[in-house]
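These values consider heavy atoms only, across backbone and side chains, with no hydrogens, waters or symmetry-generated copies. First listed ligand is number 1; within each ligand, the first listed atom is number 1.
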Amino acid sequence: MTAPRVGVLALQGAFREHRRALERLGANVREVRLPAHLEGLDAVVIPGGESTTMAKLMRAYDLEAALRTFVERGGAVWGTCAGAILIARTIQGRPDQPRLGLLDLTIARNAYGRQVASFEADVDVVGLDAPFRGVFIRAPRILEVGDDVDVLARHDGDPVAVASGRVLATVFHAELTGDDRLHAAFLTRIAGVALPPPNERTPS
Ligand code: GLN
């Protein structure tokens, strides 16, 4: 069978860890730095990092329109942490920050306690058999979700994993603990692609 073809936006941030998680699942992974790199992909992951830096680079390399078109044509996108900020329609207090606006969300940057506040928490995610260890690193907080957005997980009442159609956003990092269940769920349930059976995956 053909392996899912997945891109990882590799402008800045934690893209290598996503790449490794996706490769462990048997995906064919490509680092995306230019619009042409989206060609033929089933899905793209936008990693955590620094959303302002990523947004500037995304604009400089013409990736904003290209990623929107990618989704309009049926491609799936998952944004983690800074990636979730880039996916949101509204960034509180920052109307000028470039963003993709792929999900009807209002999100606030660095909104969990003090600027440096980071923590881990077990999160119950819809569809996963057991809690997922979320790593929240200067995480954004989702303040509002639109009617067409499903909340897949909450932490202390706040949505921390949300999806609509082929777009998923998590405010926590899911690539740092070696637990690949969320990557698998993104590919199979959001992107709608099949994973190679475990014995056909090349060990990385
Ligand atoms: N604080 C970062 C931002 O606002 C996001 C943090 C992260 O991705 N871990 O861009």
Side-chain angles (χ1 to χ4, degrees), residues 6-22 29 31-33 43-61 63-64 67-68 76-123 125 132-145 149 151-156 158-163 167-183 185-186 190:
V6 186
V8 180
L9 192 69
L11 300 173
Q12 189 266 338
F15 57 87
R16 291 179 193 85
E17 293 80 0
H18 277 291
R19 174 175 197 140
R20 281 193 279 271
L22 293 159
V29 183
E31 291 182 2
V32 172
R33 296 189 175 84
V44 171
V45 174
I46 305 179
E50 185 52 45
S51 61
T52 46
T53 307
M54 252 190 271
K56 274 190 207 135
L57 293 170
M58 219 165 55
R59 184 157 279 185
Y61 293 113
L63 276 161
E64 275 174 288
L67 279 163
R68 287 192 198 107
V77 171
W78 173 17
T80 59
C81 202
I85 298 170
L86 295 178
I87 275 177
R89 195 159 293 166
T90 309
I91 306 171
Q92 193 192 41
R94 304 198 180 232
D96 299 334
Q97 178 162 336
R99 60 199 175 275
L100 298 168
L102 298 175
L103 275 185
D104 187 5
L105 301 179
T106 302
I107 203 161
R109 294 182 58 203
N110 304 322
Y112 280 96
R114 296 176 24 201
Q115 283 281 323
V116 290
S118 296
F119 58 96
E120 292 185 18
D122 284 329
V123 176
V125 182
F132 189 88
R133 190 81 180 157
V135 182
F136 296 73
I137 305 172
R138 298 184 68 212
R141 188 191 289 257
I142 294 172
L143 306 176
E144 280 171 43
V145 299
V149 176
V151 176
L152 304 180
R154 289 183 184 273
H155 172 71
D156 279 352
D158 294 321
V160 292
V162 294
V167 182
L168 169 68
T170 57
V171 303
F172 53 86
H173 287 252
E175 74 287 8
L176 301 175
T177 58
D179 180 349
D180 300 331
R181 286 178 300 154
L182 218 47
H183 289 79
F186 167 62
I190 308 268

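Salt-bridge formation is detected for the pair Glu50/Arg109: a Lys NZ or Arg NE/NH1/NH2 atom is positioned less than 4.0 Å from an Asp or Glu carboxylate oxygen.
Every atom of ligand 1 is numbered from 1 in the order shown, and the set under 4.0 Å from a heavy atom of His173 is 7 (C), 8 (O), 9 (N). Close approach of ligand 1 to Ile137 is summarised as follows: ligand atoms under 4.0 Å from at least one heavy atom of the residue are 6 (C), 7 (C), 9 (N). Within ligand 1, counting atoms from 1 as listed, the ones closer than 4.0 Å to a heavy atom of Ile85 are 3 (C), 4 (O), 10 (O).
Considering CG of Leu67 and CG of Leu86, their distance stands at 9.5 Å, rounded to 0.5 Å.
Here the side chain of Arg99 pairs a donor or acceptor atom with the backbone of Gln97 at under 3.5 angstrom. Remark: side-chain polar atoms of Arg19 are paired, donor with acceptor, to backbone N or O of Val29 under 3.5 angstrom.
Counting protein heavy atoms only, atom 5 (C) of ligand 1 is closest to Gly49 O, 3.4 Å. The closest protein non-hydrogen atom to atom 3 (C) of ligand 1 is Arg109 NH2, 3.4 Å. Nearest protein neighbour of atom 10 (O) of ligand 1, counting heavy atoms only, is Ser51 N, 2.5 Å. The single protein non-hydrogen atom nearest to atom 1 (N) of ligand 1 is Asn110 OD1, 2.5 Å, given as residue, atom name and distance.
Within 6.0 Å of atom CZ in Arg68, more than 12 heavy atoms from other residues, nucleotides or ligands are found, so the atom counts as buried in its surroundings.
Residue Thr52 has no nitrogen or oxygen atom sitting less than 3.5 Å from a nitrogen or oxygen atom of ligand 1, judged on distance alone.
For Phe172 and His155, the ring centers are positioned 6.0 Å apart or more.
Comparing heavy-atom distances from atom 7 (C) of ligand 1 across Cys81, Ala55, Gly48 singles out Cys81 as nearest.
The aromatic rings of His18 and Trp78 sit perpendicular, their planes meeting at an angle over 60°, well past the 30° parallel limit.
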